[in-house]
Amino acid sequence: MATLKVLIFLIFINRCFASHLSEDGRLNFLELATKYGHNAIQYIVNTEDGYILKIFRIPGKRKIPILLMHGLADTSDTWVIRGNSSLAITLANDGYDVWAGNVRGNKYGRNNIYLNPDTDKEFWNFSFHEYGFYDLAAIIDTILNITKVSQINAIGHSQGNAIFYVLCSLKPEYNKKINFLIALAPIAFLQNIKPPLKDIIEISPIINKLSQILNIRELFKKDSVLIDIWQFLCPEPIIGYISCVKSVIFPIAGYDSEELESNFVPTLVGHFPNGVSEKNLYHFAQVSLRRKFAQYDYGENNIAIYNSEEPPQYNLSAVTTKIYLFAGANDKLATLEDVAILREKLPNDEYLLLPRRKMNHADFIWGRHMYEYLFPYIFKVLRNF
Ligand SMILES: *[C@@H]1O[C@H](CO)[C@@H](O)[C@H](O)[C@H]1NC(C)=O
Ligand SMILES: *[C@@H]1O[C@H](CO)[C@@H](O)[C@H](O)[C@H]1NC(C)=O
Ligand SMILES: *[C@@H]1O[C@H](CO)[C@@H](O)[C@H](O)[C@H]1NC(C)=O
Ligand SMILES: *[C@@H]1O[C@H](CO)[C@@H](O)[C@H](O)[C@H]1NC(C)=O
């Protein structure tokens, strides 16, 4: 115990004199794009229900835009934080017109024309349903409007592909606006998630009740105690790697220390996790517990809201856009069993199990050697179209 206290004290002293995050951990999307050789542009997207989102573009000479959509508790920055070996920079180097979207609640989407995120609970009354139904719809329309083309291509990571299934099932006219989607670490069904996350999901109804009582609607807010501790502790080379990466990220995403090395952590934790609603996490937990890819379960209020006792399922047969499902054998969130259920329901998909056997959930966005084990497959799809 005494040794531990001395150690913590030493880290504390050390931290008082050094910045915990790396330079890239502190730069935003525009600054990172500039640093890695590109002029990015910011656009504002207004959703039908009043949210104001910032999205980014690295213009390129190729005509058809590529929209990149980030995953849970993440932001557009995820596509540039690996610098020259990031997907957005690699695509831009090859002349693609790259767009990186953001959803409501993260640092680029913490704005609404009617609601104040700090004082109005209603601001945080959303889940991945609204990300798809409102945010993604508005992002796509904005891109088509600006570029004057009729279709986009898209690449989504995790939740960033689930929101396409929400949108295309509820507003089928969007199928025509999307040429194809590459779904990295495909997420829809979650009933085969492994422990320890499985155990947390099992007690999620209690956690949800508790959050209501404690009035916790927003998670991972900038400068919150949790994020301060995360950004203070995780960049520590040894203790930080053990407590954040080995004890938190790997048990959830799958273990792969080759691709998420300790030098990268001071960059990563400056960007992830980012603002999300408690309701969104609980909605995903419901999908897992109910074994159905369905809308939010309001319990006894379902009748009033949906006119049925059960929340409606998202009709995956209506998702007719071409979808390339890219799965990882070591992914503990998008398990191969759950991806198989999704494959069976999608009418127009192709499946690729990446050859890298240690491929986990995070390797799709943060892996050190993505240009070797992932990007060639992405480019193959892009070139064939
Ligand atoms: C990134 O790549 C570009 C072009 O190859 C190069 O000019 C630049 O120095 C690289 N930047 C960094 C930070 O590695
Ligand atoms: C959240 O939104 C739903 C419908 O979108 C509504 O039925 C419900 O009353 C809202 N909940 C709160 C707490 O505002
Ligand atoms: C598309 O652009 C026009 C003006 O060029 C604007 O009036 C319209 O509101 C835009 N629509 C969307 C969905 O951004
Ligand atoms: C789901 O979508 C398909 C294709 O559009 C349609 O044929 C089917 O009737 C829909 N199912 C339900 C339950 O709405």
Side-chain angles (χ1 to χ4, degrees), residues 46-53 103-105 109-138 159 161-181 183 188-189 204-219 221 275-287 290-323 325 341-349:
N46 294 292
T47 74
E48 203 187 309
D49 59 343
Y51 287 81
I52 303 162
L53 314 171
V103 297
R104 60 187 63 192
R110 221 176 164 282
N111 251 311
N112 181 293
I113 51 176
Y114 315 110
L115 301 169
N116 179 337
D118 292 316
T119 51
D120 295 319
K121 292 201 273 205
E122 192 55 25
F123 181 96
W124 298 98
N125 184 12
F126 61 76
S127 72
F128 66 83
H129 178 86
E130 284 75 17
Y131 294 160
F133 193 83
Y134 295 112
D135 299 349
L136 185 57
Q159 168 192 276
N161 59 64
I163 61 178
F164 281 86
Y165 318 141
V166 171
L167 176 64
C168 293
S169 64
L170 294 172
K171 298 178 173 173
E173 65 274 21
Y174 279 84
N175 284 296
K176 290 193 215 71
K177 301 185 184 187
I178 303 159
N179 183 32
F180 64 76
L181 165 71
F189 297 90
S204 64
I206 300 168
I207 300 174
N208 176 250
K209 284 259 154 59
L210 209 61
S211 323
Q212 309 285 321
I213 294 166
L214 299 175
N215 201 17
I216 297 169
R217 316 271 161 177
E218 175 185 14
L219 299 173
K221 183 183 176 180
V276 67
S277 64
E278 186 274 335
K279 182 177 180 178
N280 187 35
L281 299 191
Y282 190 46
H283 190 180
F284 277 118
Q286 289 180 346
V287 167
R290 301 183 69 249
R291 308 171 78 84
K292 286 186 177 125
F293 186 52
Q295 295 190 40
Y296 191 83
D297 187 356
Y298 290 97
E300 58 196 18
N301 293 330
N302 284 341
I303 300 261
I305 293 166
Y306 303 121
N307 198 20
S308 95
E309 275 179 31
E310 301 261 309
Q313 294 188 47
Y314 296 105
N315 182 2
L316 290 165
S317 309
V319 182
T320 53
T321 288
K322 179 83 182 176
I323 298 184
L325 300 164
I341 303 171
L342 176 62
R343 278 170 73 188
E344 213 157 274
K345 309 234 175 189
L346 287 173
N348 187 13
D349 63 306

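Just so you know, ligand 1 is whichever comes first in the structure, and atom 1 is the first atom listed for that ligand. Quick note: numbers below take in every heavy atom, side chains included, and nothing from hydrogens, waters or symmetry partners.
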Taking the six-membered ring for Trp and the full ring for Phe, Tyr or His, determine whether the centres of F164 and Y174 are under 6.0 Å apart. no

With atoms numbered from 1 as shown, which atoms in ligand 2 lie under 4.0 angstrom from a non-hydrogen atom of E122? 12 (C), 14 (O)

Number the atoms of ligand 2 from 1 as they appear, then name those within less than 4.0 Å of a heavy atom of I305, with their elements. 7 (O)

Checking ring-ring contact (aromatic ring centres under 6.0 Å, His included) between F128 and each of F284, Y165, F133, which is the one that passes?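 Only match with F128 under ring-ring contact (aromatic ring centres under 6.0 Å, His included): F284.
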
Side chain to side chain donor-acceptor pair (under 3.5 Å) test vs R104 passes for just one of N112, N280, D135, N111, namely D135

For the residue pair H283 and Y296, does the interplanar ring angle fall in the parallel (under 30°), tilted (30 to 60°) or perpendicular (over 60°) class?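 Answer is perpendicular, since the angle exceeds 60°.
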
Which class fits the ring pair Y51 and F126: parallel under 30°, tilted 30 to 60°, perpendicular over 60°? perpendicular

Once side-chain hydrogen bond (donor to acceptor under 3.5 Å, both in side chains) is applied, what residue pairs with a partner in residues 301-310 remain, sequence neighbours excluded? R290-E310, D297-N302

Considering distance alone, does some N or O of R217 sit under 3.5 Å from an N or O of ligand 2? no

Atom of A183, atom of I323 and distance for their closest heavy-atom approach: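 Taking every non-hydrogen atom into account, CB-CG2, 4.1 Å.
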
Check whether any heavy atom of Y298 sits under 4.0 Å from an atom of ligand 2.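 Right, Y298 reaches ligand 2.
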
With a 4.0 angstrom cut-off on heavy atoms, strictly below it, pick out the residues next to ligand 4 and order them by chain and number. N315, S317, A318

Looking at D118 and R110, is any side-chain nitrogen of the basic one under 4.0 Å from a carboxylate oxygen of the acidic one? yes

